[in-house]
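See structure below.
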Amino acid sequence: MKFAVRIIKNQFYPVGISDDANLHHGQMILVRTEKGEEAHKVFLVNCAIQKQWEKFKPEPLPFVRVMNEADLAELEEIKKLEVQALYKCRELAEKRKLTMSLVQTKFTFDRKKITFYYTAPERVDFRELLKDLTQEFKRVRIDLRHIGVRDATSILQGMGVCGQAYCCCSFLKKFESVNTKLARDQGIPMTPGKITGSCGRLLCCLNYEYSNYLEAAKHLPPVGSGVMTPDGIGKVAVLNFLKGSVGVKLEDGKIKDYPKDQIEMIDGEVNIEIEGQDNILNYSEGDETIDIKSLDNDKNSSTGNI
């Protein structure tokens, strides 16, 4: 097996077709999934992935055919129907006063099934909505699927503050737990705009370099400890992990940066007050006050129900 399609969550699924088939990387093909016939772009996988497949033997998706010009025109028509269906479902949900946010609508290529992906802060009783949709979309199986806000972002895609595509829609397959302690320990400003993504949750990338910061912290004195500097006694106020230096607040109230080899820890209490970020629990933005600690609640941000 050397051909694959990417369906959800950056997972590549092998396609059940012979290796000598006349397929080219990037072609659109039809495969059969648990939902029905779906149109996807085919990928030519490398030797490393092929070896992994030989080891774990994943079940290949049945290959239907390469899409021709008529199929591609049909696919464009289906995409238009998906947009219309999304707006119709939103209209019906508002009519029923349901607290849910529609994210995306997907038809199978054979138009036998339609899936509505939505986010909601709590469980939604959509039985009446389902009846409305059944009347609106006749002879079509309807699936209303609750997903988390991180899942929604991975579906909609976009660009992060780093200038690259969101991790969740490029390479990230599983969402790891993220909390504000990761940001504090890395010295990142505790403002929502700096530490959250478009999903409204903490940035997944806060996890990536955390182990490096922990390793760097082993060689630096902790914040709040008394130290002797070339300019006298002071107290550690800031750790500059990337530079390997320490910001020390001196007795005159000024904060000065020193390389770690120019300071020495001392015993005893140093009577100098410093302001620590650990005491910042709330952040005000305009007329809105945001509880920073609430960002630690990542419950149901990802359901894996895509």
Side-chain angles (χ1 to χ4, degrees), residues 5-13 28-41 59 61-62 64 67 70-158 166 168-169 172-175 197-201 294 297-306:
V5 292
R6 187 171 74 173
I7 299 182
I8 54 173
K9 298 303 297 177
N10 304 312
Q11 294 277 5
F12 284 87
Y13 294 80
M28 294 296 295
I29 64 171
L30 290 178
V31 294
R32 188 169 290 109
T33 70
E34 59 180 12
K35 296 178 183 178
E37 289 186 5
E38 296 187 52
H40 291 287
K41 182 184 294 186
E59 187 68 27
L61 295 174
V64 179
M67 296 181 69
D71 291 329
L72 294 175
E74 173 70 8
L75 181 60
E76 290 301 313
E77 190 64 30
I78 289 174
K79 289 180 179 178
K80 294 177 183 178
L81 293 176
E82 289 173 344
V83 174
Q84 295 172 10
L86 178 67
Y87 282 108
K88 187 62 182 179
C89 186
R90 282 179 178 170
E91 178 186 326
L92 294 172
E94 290 175 1
K95 183 179 178 181
R96 294 291 181 181
K97 294 181 170 56
L98 297 178
T99 309
M100 57 191 296
S101 177
L102 270 293
V103 177
Q104 190 181 61
T105 301
K106 294 293 290 184
F107 268 104
T108 55
F109 188 78
D110 52 18
R111 302 194 191 188
K112 292 181 179 180
K113 184 176 181 178
I114 182 172
T115 303
F116 295 94
Y117 296 100
Y118 72 93
T119 61
E122 55 190 21
R123 187 179 179 86
V124 177
D125 183 357
F126 52 69
R127 287 175 292 183
E128 295 303 317
L129 174 62
L130 187 58
K131 292 178 183 178
D132 295 338
L133 292 171
T134 302
Q135 292 296 317
E136 186 69 31
F137 303 98
K138 301 183 184 299
R139 295 183 296 277
V140 178
R141 287 184 297 149
I142 297 172
D143 182 13
L144 284 159
R145 191 159 293 199
H146 182 204
I147 61 175
V149 289
R150 291 188 186 274
D151 298 319
T153 302
S154 69
I155 289 177
L156 296 175
Q157 304 185 14
Y166 293 145
C168 58
C169 60
L172 195 63
K173 297 180 181 179
K174 182 181 178 182
F175 292 112
S198 62
C199 59
R201 297 295 192 269
S294 66
N297 182 12
D298 210 22
K299 184 180 180 182
N300 295 327
S301 67
S302 175
T303 63
N305 198 28
I306 298 179

Sub-4.5 Å side-chain heavy-atom contact between [X] and [Y]:
X	Y	answer
V5	E38	no
E76	L72	no
I147	I155	yes
L144	L133	yes
L81	R111	yes

With rounding to the nearest 0.5 Å, note down the distance linking [atom1] in [X] to [atom2] in [Y].
X	Y	atom1	atom2	answer
E77	F107	CD	CZ	11.0 Å
L75	M67	CG	CE	4.5 Å
D143	T108	CG	OG1	11.0 Å
L156	Y166	CG	OH	9.0 Å
L129	E94	CG	CD	11.5 Å
K41	I29	NZ	CD1	12.0 Å

Suppose we screen for ring pair (Phe, Tyr, Trp, His ring centres under 6.0 Å). Which residues come up paired with H146, at least two apart in sequence or across chains?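 Counting only residues at least two positions away or on another chain, H146 forms a ring pair (Phe, Tyr, Trp, His ring centres under 6.0 Å) with Y118.
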
Which atom names give the shortest non-hydrogen contact between [X] and [Y], and what distance separates them?
X	Y	result
S154	C169	O-CB, 3.4 Å
F175	S302	CD1-OG, 3.1 Å
H40	V31	CD2-CG2, 3.9 Å
S198	T153	OG-CG2, 3.6 Å
L30	E37	CD1-OE1, 4.2 Å

Residues T33 and Y13: side-chain donor-acceptor under 3.5 angstrom: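 Judged by distance alone, the side chains do not pair up.
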
If a pair satisfies side-chain hydrogen bond (donor to acceptor under 3.5 Å, both in side chains) and one of its residues is in residues 95-106, list it, with sequence neighbours excluded.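 Qualifying pairs: R96-D132.
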
L102 backbone acceptor or donor facing R90 side chain under 3.5 Å: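 At least one qualifying donor-acceptor pair exists.
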
Contacts of S301 that satisfy side-chain hydrogen bond (donor to acceptor under 3.5 Å, both in side chains) - sequence neighbours left out: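 Scan of S301 (side-chain hydrogen bond (donor to acceptor under 3.5 Å, both in side chains), adjacent residues dropped) gives R150, D298.
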
So which of Q135, E128, R127 actually passes side chain to side chain contact (heavy atoms under 4.5 Å, CB included) with K131?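 Output: one option passes, namely E128.
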
Should K79 and E82 be marked as a salt bridge (charged side-chain N to carboxylate O under 4.0 Å, His left out) after you check the CA-CA gap, both sets of side-chain angles, and the distance that decides it? CA-CA 5 Å; K79 289 180 179 178; E82 289 173 344; over 6 Å; no

